[in-house]
Amino acid sequence: MKVAFATEDGIRVNAHFGQSPMFAIYKVTKGGGELIGLRKLPTILNQDEAGKIESRLEVVEDCTLIFIMQIGASAAARVTRRKIMPVKVPPGSPIDEQVKRIVEMLQGKPPMWLAKVLHAENEAEGASVDGSHS
């Protein structure tokens, strides 16, 4: 699964969802996590709140989880509607430690919230695979 981290430096979760200048995107499996890339947001002057949320959603739309310091209620609702689970962590949490935690959860018995997310992701993958028989 792909996981996004709201970051200003690519090393720590140190950004609010609506102000994050970029997201570090990791591919995380039971075997470990690897950085796929840093997705920077274009600077758009005078962008309204809805535009800020939308531009960030487009950057992380292929992710299953998004780790942030803070997220507003309306942004959280829009994120979850896209089937992305927002996860609040303490400001400055090292991304590599969060990745390690996810890997450990995947290797053991994932907590209920993660199990639900993984189940939904597997169903979505199954639906796309089933629909492609030609």
Side-chain angles (χ1 to χ4, degrees):
M1 79 175 137
K2 286 185 189 161
V3 182
F5 297 89
T7 183
E8 293 177 356
D9 59 10
I11 298 164
R12 295 181 300 272
V13 178
N14 56 4
H16 183 289
F17 178 78
Q19 277 90 46
S20 184
M22 68 177 158
F23 293 92
I25 310 297
Y26 280 75
K27 182 168 176 52
V28 183
T29 64
K30 285 182 182 178
E34 70 173 305
L35 176 67
I36 296 173
L38 297 174
R39 296 182 185 168
K40 294 185 166 93
L41 284 128
T43 306
I44 301 169
L45 300 175
N46 305 322
Q47 192 176 33
D48 66 1
E49 200 58 34
K52 282 184 182 177
I53 293 168
E54 194 55 42
S55 61
R56 281 159 179 77
L57 283 171
E58 287 170 14
V59 168
V60 300
E61 67 187 353
D62 59 338
C63 296
T64 305
L65 303 174
I66 180 166
F67 283 69
I68 65 276
M69 273 183 358
Q70 286 289 326
I71 188 167
S74 65
R78 290 176 67 183
V79 167
T80 53
R81 250 184 262 132
R82 293 267 182 111
K83 307 280 188 257
I84 303 169
M85 168 74 75
V87 181
K88 281 192 354 191
V89 293
S93 297
I95 292 172
D96 58 354
E97 284 181 18
Q98 297 300 324
V99 170
K100 223 178 286 175
R101 259 188 55 215
I102 300 166
V103 170
E104 287 168 5
M105 284 188 238
L106 291 172
Q107 289 171 345
K109 188 174 188 299
M112 186 59 83
W113 64 267
L114 185 55
K116 278 184 181 169
V117 168
L118 293 171
H119 181 71
E121 188 178 77
N122 288 340
E123 280 189 347
E125 284 175 10
S128 64
V129 170
D130 294 342
S132 63
H133 297 294
S134 46

Within-4.5 Å side-chain heavy-atom neighbours: [X] and [Y]:
X	Y	value
Val79	Ile53	no
Ser20	Glu8	no
Thr64	Ile84	no
Phe5	Gln98	yes
Val13	Thr7	no
Leu57	Arg82	yes
Pro86	Ile66	yes
Met22	Leu41	no

> Under 30°, 30 to 60°, or over 60°: which ring-plane class applies to Phe23 and Phe17, parallel, tilted or perpendicular?
Replying inline: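 Rings of Phe23 and Phe17: tilted, as their planes differ by 30° to 60°.
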Should [X] and [Y] be counted in the same cluster of Ile, Leu, Val, Met, Phe, Trp and Tyr side chains packed under 4.5 Å apart?
X	Y	answer
Val99	Met85	yes
Phe67	Ile36	no
Leu118	Ile102	yes
Tyr26	Val59	no

> If you round to the nearest 0.5 Å, how far is CG of Asn14 from CD1 of Ile95?
Replying inline: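 The distance works out to 7.5 Å.
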> In Å and rounded to the nearest 0.5 Å, what is the CD to CD distance from Glu61 to Glu54?
Replying inline: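 Rounded to the nearest 0.5 Å, the CD-CD separation comes out at 8.5 Å.
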> Can you check side chain to side chain contact (heavy atoms under 4.5 Å, CB included) on Leu65 and Trp113, steps first, answer last?
Replying inline: CA-CA 11 Å; Leu65 303 174; Trp113 64 267; 3.7 Å; yes
Return the minimal non-hydrogen interatomic distance between [X] and [Y], and the atom names on each side.
X	Y	answer
Leu38	Gly10	CD2-CA, 4.1 Å
Ala4	Val60	CB-CG1, 3.7 Å
Ile25	Cys63	CD1-SG, 3.8 Å

Check whether any side-chain N or O of [X] sits under 3.5 Å from a backbone N or O of [Y] as a donor-acceptor pair, and report yes or no.
X	Y	answer
Asp9	Arg12	yes
Thr80	Ala76	yes
Arg101	Glu97	no
Gln70	His16	no

> Met1 and Leu106: side chain to side chain contact (heavy atoms under 4.5 Å, CB included), yes or no, with the steps?
Replying inline: CA-CA 11 Å; Met1 79 175 137; Leu106 291 172; 4.0 Å; yes
>> Would Arg39 and Asp62 count as a salt bridge (charged side-chain N to carboxylate O under 4.0 Å, His left out) here? Give the steps.
In response: CA-CA 12 Å; Arg39 296 182 185 168; Asp62 59 338; 2.7 Å; yes
> Is there a side chain to side chain contact (heavy atoms under 4.5 Å, CB included) between Val87 and Ile68 once you walk through the steps?
Replying inline: CA-CA 6 Å; Val87 181; Ile68 65 276; 5.7 Å; no
> Hey, is NE2 on His119 packed in by over 12 heavy atoms from elsewhere, all under 6.0 Å?
Replying inline: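 Incorrect, the count does not exceed 12.
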>> I'd like to know whether Met69 forms a side chain to side chain contact (heavy atoms under 4.5 Å, CB included) with Val89, so could you lay out the CA-CA distance, the side-chain angles of the two residues, the decisive distance to 0.1 Å, and finally the verdict.
In response: CA-CA 6 Å; Met69 273 183 358; Val89 293; 5.8 Å; no
